[in-house]
Protein chains: 2
Amino acid sequence: MVSAPVDKTTKKHIDADTRRRMLVAAALRVMKREGIAAATTRAICAEAGMPHGAFHYCFRSKQELYAALLATDINITLDVEWPAVDPRAEPVENLRTLLRSWWSAVETDPEAQLVLSELVNLALRDPELGELPAWGHRTYLDKAVSRVDHFAAEARLHLTIDTRAFAEMVVAALGGVIDSWLSHRDATTAVETLDGFAGLFATLTRPVPDDRDHPPG
Amino acid sequence: MVSAPVDKTTKKHIDADTRRRMLVAAALRVMKREGIAAATTRAICAEAGMPHGAFHYCFRSKQELYAALLATDINITLDVEWPAVDPRAEPVENLRTLLRSWWSAVETDPEAQLVLSELVNLALRDPELGELPAWGHRTYLDKAVSRVDHFAAEARLHLTIDTRAFAEMVVAALGGVIDSWLSHRDATTAVETLDGFAGLFATLTRPVPDDRDHPPG
DNA sequence: AGTCGACTTGGCCATGTGACCAAGTCGCTT
DNA sequence: AAGCGACTTGGTCACATGGCCAAGTCGACT
């Protein structure tokens with residue numbers, strides 16, 4: 001029989017799996033603060049409040065930590081509160097709102113973007129981790145597609161091109177702006193460029209005819 | 001009097017400044033081949049065919065090499081043979097040609113893009129090198145502006161928005177596509193997305209009226 | 001020819017890193 | 001209560017790295 005759960009903050013023995021999660025979280029914190037290079041096994045354990053030996057009890061190697069890190073929710077850009085979309089507003093306006101909502105996530109946590117970039121670069125060089133960036137990008141794009149779909153429905157817009165192709169361009173535009181911004185750190189320019197893209201993307205949409213005035217049959 | 005120049009490939013003593021250039025070139029080669037992490041001072045010297053001690057005779061520190069590397073022509077994307085532009089063709093078509101010509105540079109030397117990304121990430125974390133990415137981006141954008149200007153003149157197009165804003169979007173689009181492509185490595189998708197952007201950018205142009213048929217006065 | 005400074009070389013050092021291990025500790029089960 | 005297996009811990013190892021140096025070598029100018 002399993003006894004009553006012991007207070008997790010007090011008990012000495014911690015399940016190896018939860019400890020793994022703690023280490024991953026700690027690693028992400030260190031990387032955001034000081035960069036991926038500073039995230040040594042020791043620094044990560046210190047951040048997690050564990051002795052150094054704990055690391056290789058949880059992970060076979062450091063690569064395994066990288067893999068775990070890449071496999072978790074790194075791409076947080078698209079996970080934001082859904083913006084206020086008004087079906088009666090101009091398409092441009094709604095698109096601008098959408099892009100800006102995603103941009104706000106970037107500006108709120110710029111270090112996350114940097115870490116993501118560092119992590120992807122690392123993985124692209126490591127044969128063991130080489131597949132992960134492709135998988136991550138696919139996941140990210142899928143999420144973008146579903147978000148765009150949802151948006152189009154809510155704004156009552158019809159996309160004149162394939163949704164995936166549309167999302168692909170949106171992702172590229174957002175990614176490009178982020179990339180530039182990480183270097184120049186000029187938020188004004190970034191948002192202006194993003195607004196410019198909103199205008200361009202609007203040319204790929206058409207308002208859905210309102211059926212309430214023209215019921216079928 | 002300066003004696004006749006000794007054969008540079010034979011003579012033992014090499015000017016420290018040219019040796020610096022040799023090391024920078026060797027470093028870039030190593031980085032492209034094995035990644036920035038593998039470019040240790042030793043590996044670089046070996047690549048350059050020099051003993052390890054030569055490094056710190058030429059550079060005060062490794063950071064100084066990074067700085068030199070970032071300060072040289074890293075952004076080669078826009079330096080390609082000028083594409084064939086036809087003033088009588090559709091704007092979309094010409095824009096597609098332009099973007100594709102830049103893309104070809106990327107696909108020809110993908111490692112260069114990776115190294116650039118790694119280098120920028122490194123610099124963004126290092127207080128000593130922190131200014132370089134912003135400078136690099138400014139330089140890159142300036143070059144893009146001039147290229148766009150040249151292009152518009154040659155294709156006899158008028159841009160309906162500020163040239164710099166236009167270039168900013170082009171740079172972001174190209175950068176975003178590169179970023180995605182580095183992960184998924186699907187050239188077809190990349191070019192299709194780029195072609196999509198060409199269509200969008202075309203909406204920001206208007207043909208310049210041909211004055212030959214309507215001479216002034 | 002002689003001198004002086006620029007260049008060359010190999011070796012050395014302190015440091016930090018990922019990895020490993022063996023002894024110890026805890027708590028669930030029987 | 002006794003045992004057993006999962007978890008804990010600090011120490012240690014081999015190794016690579018950036019940086020430094022002192023002795024040696026070359027070559028240009030006087």
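Keep in mind that the numbers below use all heavy atoms, side chains included, and drop hydrogens, waters and symmetry copies. This is a predicted model, so every value here is computed, not measured. Order of the sequence lines sets the chain letters (A, B, ...), proteins ahead of strands, with each chain counted from 1.
If you take CZ of A/Phe59 and P of C/dT17, they are 18 Å apart, rounded to a whole angstrom. Rounding to whole angstrom units, CG of residue B/Leu65 and P of D/dT17 are separated by 15 Å. In this structure, the OH atom of B/Tyr57 is 18 Å from the P atom of D/dG24, given to the nearest Å. To the nearest angstrom, P of D/dA16 lies 14 Å from CD of B/Glu34. The nearest whole Å value for the distance from the NE2 atom in A/His13 to the C1' atom in D/dC7 is 4 Å. Going from atom CG of A/Leu122 over to atom P of C/dG18 covers 12 Å, rounded to whole Å. Rounding to whole angstrom units, CD of residue A/Glu128 and P of C/dG18 are separated by 17 Å. A straight line from CG of B/Asp15 to C1' of D/dG27 spans 14 Å, rounded to a whole angstrom.
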Below 3.5 Å, can you tabulate the donor-acceptor pairs from side chains in residues 163-171 of chain B to any protein atom, sequence neighbours excluded?
| from | atom 1 | to | atom 2 | distance (Å) |
| --- | --- | --- | --- | --- |
| B/Arg164 | NH1 | B/Asp142 | OD1 | 3.3 |
| B/Arg164 | NH2 | B/Asp142 | OD1 | 2.9 |

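With sequence neighbours excluded, the residues that form a side chain to side chain donor-acceptor pair (under 3.5 Å) with A/Arg100 are A/Asp195. Every residue meeting the side chain to side chain donor-acceptor pair (under 3.5 Å) condition with A/Arg147, not counting sequence neighbours, appears here in chain and number order: A/Asp79. For B/Thr97, the side chain to side chain donor-acceptor pair (under 3.5 Å) criterion is met by no residue, not counting sequence neighbours. Here B/Ser61 pairs with B/Gln63, B/Glu64 under the side chain to side chain contact (heavy atoms under 4.5 Å, CB included) rule; sequence neighbours left out. Contacts of B/Asn94 classified as side chain to side chain donor-acceptor pair (under 3.5 Å), with partners at least two apart in sequence or in another chain: none. Listed by chain and residue number, nothing satisfies the ring pair (Phe, Tyr, Trp, His ring centres under 6.0 Å) test with A/Trp102 (two or more places apart in sequence, or in another chain). Applying the side chain to side chain contact (heavy atoms under 4.5 Å, CB included) test to B/Thr160 and every residue at least two apart in sequence or in another chain returns B/Leu204, B/Arg206.
Applying the ring-ring contact (aromatic ring centres under 6.0 Å, His included) test to pairs two or more places apart or on separate chains, those with a residue in residues 128-152 of chain A are A/Trp82-A/His150, A/His137-B/His184.
Sorted by residue number, the list of members of residues 44-51 of chain B with any non-hydrogen atom under 4.0 Å from DNA chain D is empty.
For the residue pair B/His158 and B/Thr205, no side-chain donor N or O sits within less than 3.5 Å of a side-chain acceptor on the partner.
Put simply, the side chain of A/Arg96 never gets that close to the backbone of A/Ala198: no donor and acceptor are under 3.5 Å apart.
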Write out a two-atom table: protein N or O, nucleotide N or O from nucleotides 19-21 of chain C, distance below 3.5 Å.
| from | atom 1 | to | atom 2 | distance (Å) |
| --- | --- | --- | --- | --- |
| C/dA19 | OP2 | A/His56 | NE2 | 2.9 |
| C/dA19 | OP2 | A/Lys62 | N | 2.9 |
| C/dA19 | O5' | A/His56 | NE2 | 3.3 |

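Defining each end axis of the helix from C/dA1-D/dT30 to C/dT30-D/dA1 as the rotation carrying four pairs' C1' atoms onto the next four, with five pairs an end, the two axes are found to diverge by 0° to 10 degrees.
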